[in-house]
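Computation of the quantities below employed the complete heavy-atom set of this structure, encompassing side-chain atoms and omitting hydrogens, waters and symmetry-equivalent molecules.
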Amino acid sequence: GNPVAVFVCFLMYVFPVLRVLGGAPWPEPRRLLLPAVFDFPKRKTGRREFWRGMMVPGESGGLAADKYARDGSGLISGLRAADGLIDIGEDVPEVRRGDLVPFIPFTEFGILGR
């Protein structure tokens, strides 16, 4: 598979199974609800997506979520730039600036941030 798709599937599906099989607990990763600082109109619904994202300063002084500009599961440069994953549900038709989006920091998986 493509490297980004493999990385995301490993984090979300394989890593938890390996931990449980090894006798370790698997706490569900925290999802921070952060305002989006991007627009993604007319999204095709029907599948869950995990977008590469960065935590950035928000307009109100807190943290916000920004989406890596280029999509594509073969673009590993986005993994280097990302702080985590933006978890978009199957039924979300669009994301508008200011919408709250679930953000899973890579630190939830034991991956240190930048």
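Across G58 and A64, no two heavy atoms sit closer than the pair CA-CB, 3.7 Å. Closest of all the heavy-atom pairs between I86 and A65 is CD1-CB, 4.3 Å.
For residues 5-26, no pair satisfies side chain to side chain donor-acceptor pair (under 3.5 Å), with sequence neighbours left out.
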Would you sort out whether F7 and F106 count as a ring-ring contact (aromatic ring centres under 6.0 Å, His included), showing the intermediate values?
CA-CA 11 Å; F7 177 76; F106 286 146; 5.7 Å; yes
Pair L63-V56, side-chain contact (heavy atoms from CB on, under 4.5 Å): steps then yes or no
CA-CA 6 Å; L63 289 174; V56 298; over 6 Å; no
Can I get a per-line list of side-chain donor-acceptor pairs under 3.5 Å for residues 30-41, giving both atom names and the distance, sequence neighbours left out?
from : atom 1 : to   : atom 2 : distance (Å)
R30  : NE     : E108 : OE2    : 2.9
R30  : NH2    : E108 : OE2    : 2.6
R31  : NE     : D87  : OD2    : 2.8
R31  : NH1    : E28  : OE2    : 3.0
R31  : NH1    : P29  : O      : 3.2
R31  : NH2    : D87  : OD2    : 3.3
D39  : OD1    : R97  : N      : 2.7

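Cluster annotation: L18 and V8 are assigned to the same hydrophobic cluster (Ile/Leu/Val/Met/Phe/Trp/Tyr, side-chain heavy-atom contacts under 4.5 Å, transitive). A single hydrophobic cluster is seen to contain both I111 and V14, as judged by linkage of ILVMFWY side chains at heavy-atom distances under 4.5 Å, directly or through other members. Under a hydrophobic clustering in which Ile, Leu, Val, Met, Phe, Trp and Tyr are joined whenever their side-chain heavy atoms come within less than 4.5 Å, directly or via other members, L11 and L79 fall into the same cluster.
Summarising the local packing, CZ of R96 is surrounded by more than 12 heavy atoms from other residues, nucleotides or ligands at distances under 6.0 Å. Counting heavy-atom neighbours within 6.0 Å of E59 CD, excluding the residue itself, gives a total of 12 or less. Counting heavy atoms of neighbouring residues, nucleotides and ligands inside a 6.0 Å radius, atom CD1 of I76 does not exceed 12 of them.
Rounded to the nearest 0.5 Å, atoms CG (D99) and CD (E94) are 7.5 Å apart. Taking OH of Y68 as the start and CH2 of W51 as the end, the distance is 16.0 Å to the nearest 0.5 Å. In this structure, CZ on F15 lies 15.0 Å from SG on C9, to the nearest 0.5 angstrom.
Here the side chains of P105 and D83 are not in contact, with every heavy-atom distance at 4.5 Å or above. The shortest distance between side-chain heavy atoms of M12 and L85 falls below 4.5 Å.
Between the side chain of R43 and the backbone N or O of V92, at least one donor-acceptor pair lies under 3.5 Å.
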